[in-house]
Amino acid sequence: NAGVTQTPKFQVLKTGQSMTLQCAQDMNHNSMYWYRQDPGMGLRLIYYSASEGTTDKGEVPNGYNVSRLNKREFSLRLESAAPSQTSVYFCASSEQYEQYFGPGTRLTVT
Amino acid sequence: GDSVTQMEGPVTLSEEAFLTINCTYTATGYPSLFWYVQYPGEGLQLLLKATKADDKGSNKGFEATYRKETTSFHLEKGSVQVSDSAVYFCALAYGGATNKLIFGTGTLLAVQP
């Protein structure tokens, strides 16, 4: 099992550009999450999906959109990137208590 | 609202030293509590968990006890190794079946040989 995979690993964008971060899990989990990690702030929840076909806002949703394409895949889209979105992005999935994390995408917006 | 507070780092220890990383929480009810570990360049991994008061979670020599009277979940290890160098996050679950997590800010542990 690959667990949770994310693409790309690294990305540099210019202000105003758009991109989609991809996430997939092969554990048949219902719930999936997108977090951002910033120095000194821990991980903050951007969006989550409790099941296929549903999505909800987390703590810091502004500037992002998500799509739960099917049970395996949960993508995060930045429509118009801003320097404040420079961060490391993690996708996770879970069933009951434990969340399983992907390796992360390091995004820099210049 | 719910929150998690953990001690700031970095924490620098010599190999075989005793480790404590403090974590306290604020929550309504009795949420499940977790410690996650992040090794350099990787995602987070669950280290241990406790789902009710007085439970002790343990894994890889690390332990933490869910103390409702002090709203704490401190992480301890009797003898750290260089390979334990990582960032440690305390977290609590909220939102019922959605299993959302609130994380502390993380504590960097550096173990020197």
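Letters go in sequence order (proteins before strands), and every chain restarts at 1.
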request  = Write down the atom of A:Phe90, the atom of B:Gln38, and the distance for their closest heavy-atom approach.
outcome  = CZ-NE2, 3.3 Å
key: Same apolar cluster: A:Tyr100 and A:Tyr89, side chain cutoff 4.5 Å   = no
request  = Kindly check if the number of other-residue, nucleotide or ligand heavy atoms within 6.0 Å of OH (B:Tyr39) is above 12?
outcome  = yes
ask   = Could you walk me through whether B:Leu101 and A:Tyr35 pass the side chain to side chain contact (heavy atoms under 4.5 Å, CB included) check?
value = CA-CA 10 Å; B:Leu101 295 176; A:Tyr35 295 91; 3.9 Å; yes
ask   = Contact part of B:Glu8 toward chain A, heavy-atom cut-off under 4.5 Å: side chain, backbone, both or neither?
value = neither
query = What are the two closest non-hydrogen atoms of A:Gln99 and B:Tyr36, and how far apart are they?
reply = N-OH, 3.0 Å
task = Please answer: with hydrophobic residues joined when any side-chain heavy atoms are less than 4.5 Å apart, are A:Leu78 and A:Val12 in the same cluster?
result = no
note = From the list A:Val88, A:Asn30, A:Leu43, the residue making the most non-hydrogen contacts under 4.5 Å with chain B is A:Leu43
ask   = Any idea which heavy atoms bring A:Leu45 and B:Lys100 closest together, and the distance?
value = CD2-CD, 3.7 Å
query = How far apart are the C-alpha atoms of B:Asn99 and A:Ser31, what are their side-chain angles, what is the distance that settles it, and do they pass the side chain to side chain contact (heavy atoms under 4.5 Å, CB included) test?
reply = CA-CA 8 Å; B:Asn99 194 30; A:Ser31 299; 5.7 Å; no
ask   = Among the clusters formed by ILVMFWY side chains lying less than 4.5 Å apart, do B:Leu75 and B:Leu33 turn up in the same one?
value = yes
message = Are there over 12 heavy-atom neighbours, none belonging to A:Arg44, within less than 6.0 Å of that residue's CZ?
response = yes
request  = Measure A:Glu95 against the heavy atoms of chain B and call it side chain, backbone, both or neither at under 4.5 Å.
outcome  = neither
inquiry  = Hydrophobic cluster membership, with links at side-chain heavy-atom distances under 4.5 Å among I/L/V/M/F/W/Y: are A:Met41 and A:Phe101 in one?
reply    = no
inquiry  = Does atom CD (B:Glu16) have a neighbourhood of more than 12 heavy atoms from anything else shown, all under 6.0 Å?
reply    = no
message = Which residues in residues 46-68 of chain A have any heavy atom closer than 4.5 Å to a heavy atom of chain B?
response = A:Tyr48, A:Ala50
request  = Give a yes or no on whether B:Leu48 and B:Tyr66 share a hydrophobic cluster (residues Ile, Leu, Val, Met, Phe, Trp, Tyr; joining criterion: side-chain heavy atoms under 4.5 Å apart).
outcome  = yes
